[in-house]
Novice: 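Okay, handing you the structure first.
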Amino acid sequence: MANKQYPDAASALEGLLFDGMHICAGGFGLCGIPERLIDAIRDAGTKDLTIASNNAGIDGEGLGKLLRTRQVKKMISSYVGENKEFERQYLAGELEVEFCPQGTLAERCRAGGAGIPGFYTKTGVGTAVAEGKEVKNFDGQDYILERGIFADLAIVKGWKADESGNLIFRKTARNFNQPMATAAKICVAEVEEIVPVGSLDPDCIHLPGIYVKRLIVGAPYDKKIEFRTVRPREAA
């Protein structure tokens, strides 16, 4: 069995990064984001990146770090509302953005990972999302053609993995990580723990190890919260 485990994020990404590359990044907001791998890409200085991700983190966290260092040329995203730098760069014409409905983005990555170059969907018909796309009528209803996404590199965050790369995601951190992991030539994963082969219940594995080429332990992690909402303290 090939050794997939690397000592840190920088070594796991060695030889994989190049300017102008396309990256699929897992995570939703700050949940399930590959923090260590994002930091390593920032430190490598790789630029002109096209990144497919549900969103771009927040200012200074997650993919927001790569926006701050101007390493991102284009984002393919469904939600960008919590990142002021994203908004500023887009409105200033410094960042190209391809807005994509959330379910469509997930399916574009799933399709790319399954070798499906495109699919038809009703989502976006009659809106700006449909501009420039092929429209086809099925049973009296219009559908638009969406292209599958297949990147040079996928970076994902898992909870637990075995030494062969079989991954388990924890609860909502599963989000976009699973489809993103399959939608690239090479997937690099960071996890909280790596256990011996045979330790994981096969029925609990979310991502087969055949998709994961390189693996690191990124723990310990600090739990970051986008919005902290608390009740006012009651008078004693």
Side-chain angles (χ1 to χ4, degrees), residues 8-10 12-102 104-109 112-113 128-129 131-132 146-157 173 175-177 179-190 214 216 218 221 224 226:
D8 52 48
L13 292 173
E14 187 173 353
L16 303 181
L17 303 178
F18 58 91
D19 293 347
M21 71 184 303
H22 187 169
I23 297 174
C24 279
F28 190 114
L30 297 181
C31 178
I33 60 173
E35 300 176 43
R36 306 294 180 246
L37 295 169
I38 291 171
D39 286 346
I41 294 171
R42 177 199 59 194
D43 295 343
T46 313
K47 60 183 186 296
D48 295 329
L49 300 172
T50 294
I51 301 180
S53 173
N54 176 67
N55 60 290
I58 62 175
D59 293 296
E61 296 292 346
L63 293 173
K65 295 179 179 181
L66 301 183
L67 288 174
R68 186 171 57 186
T69 53
R70 306 297 184 88
Q71 290 171 253
V72 183
K73 180 179 73 173
K74 177 180 178 179
M75 287 294 306
I76 304 174
S77 298
S78 70
Y79 180 66
V80 298
E82 309 305 332
N83 195 313
K84 297 300 182 184
E85 180 60 16
F86 188 122
E87 178 184 341
R88 191 200 65 76
Q89 288 187 27
Y90 172 60
L91 294 177
E94 300 169 1
L95 176 69
E96 184 180 351
V97 178
E98 181 180 336
F99 286 114
C100 184
Q102 200 164 81
T104 300
L105 178 60
E107 180 62 12
R108 289 179 67 187
C109 293
V129 171
E131 292 179 4
E146 293 282 2
R147 293 295 306 271
I149 291 175
F150 195 76
D152 300 299
L153 172 69
I155 53 173
V156 300
K157 163 77 182 301
N175 54 54
F176 274 84
N177 279 295
M180 293 293 191
T182 68
K185 298 174 185 175
I186 294 177
C187 173
V188 180
E190 61 179 84
R214 300 183 182 186
I216 66 163
Y221 292 95
K224 297 182 175 65
E226 292 178 65

Novice: Do Ser78 and Asn54 get their side chains close enough for a donor-acceptor pair, meaning under 3.5 Å?
Specialist: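 The criterion, which ignores hydrogens and geometry beyond distance, is satisfied for Asn54 and Ser78.
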Novice: Check for a donor-acceptor pair, side chain of Asp19 on one end and backbone N or O of Asp48 on the other, with a separation under 3.5 Å.
Specialist: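 It does not hold such a pair.
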Novice: In a check of side chain to side chain contact (heavy atoms under 4.5 Å, CB included) between Arg108 and each of Pro179, Cys100, Pro101, which one passes?
Specialist: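 With Arg108 as partner, Pro179, Cys100, Pro101 yield a single side chain to side chain contact (heavy atoms under 4.5 Å, CB included), made by Cys100.
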Novice: Within the structure provided, determine whether Leu49 and Ile41 are in side-chain contact (heavy-atom separation under 4.5 Å).
Specialist: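 Touching, per the 4.5 Å side-chain cut-off.
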Novice: Quick one: list whatever passes salt bridge (Lys or Arg N to Asp or Glu O under 4.0 Å) with Arg42, sequence neighbours left out.
Specialist: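 If we apply the salt bridge (Lys or Arg N to Asp or Glu O under 4.0 Å) test to Arg42, skipping adjacent residues, the hits are Asp39.
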Novice: Are the side chains of Glu146 and Val129 in contact, using a 4.5 Å heavy-atom criterion?
Specialist: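 The answer is yes; the side chains approach within 4.5 Å.
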Novice: Is Asp152 reaching over with its side chain to a backbone N or O of Met21, donor-acceptor style, under 3.5 angstrom?
Specialist: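 Pair absent, no side-chain N/O of Asp152 close to backbone of Met21.
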Novice: To the nearest 0.5 Å, how far apart are CD in Glu98 and CD1 in Ile149?
Specialist: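 Rounded to the nearest 0.5 Å, the CD-CD1 separation comes to 6.5 Å.
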Novice: Around atom CZ of Arg147, are there more than 12 heavy atoms from other residues, nucleotides or ligands closer than 6.0 Å?
Specialist: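 Count not over threshold, so no.
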Novice: Heavy atoms, side chains only, cut-off 4.5 Å: are Ile216 and Glu190 in contact?
Specialist: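 Ile216 reaches Glu190 side chain to side chain.
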Novice: Look up atom CD1 in Ile23 and atom CD1 in Ile155, then write down how far apart they are to the nearest 0.5 Å.
Specialist: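 The CD1 atom of Ile155 is 5.5 Å from CD1 of Ile23, to the nearest 0.5 Å.
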Novice: If only atom types and distance count, is the side chain of Arg36 paired as donor or acceptor with the main-chain N or O of Ala9 below 3.5 Å?
Specialist: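 No.
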Novice: Can you confirm whether more than 12 heavy atoms, excluding those of Glu94, are under 6.0 Å from its CD atom?
Specialist: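 Yes, the 6.0 Å shell around CD holds more than 12 heavy atoms from other groups.
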Novice: Are there over 12 heavy-atom neighbours, none belonging to Tyr90, within less than 6.0 Å of that residue's OH?
Specialist: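 No, OH of Tyr90 has 12 or fewer neighbouring heavy atoms, counting only those of other groups under 6.0 Å.
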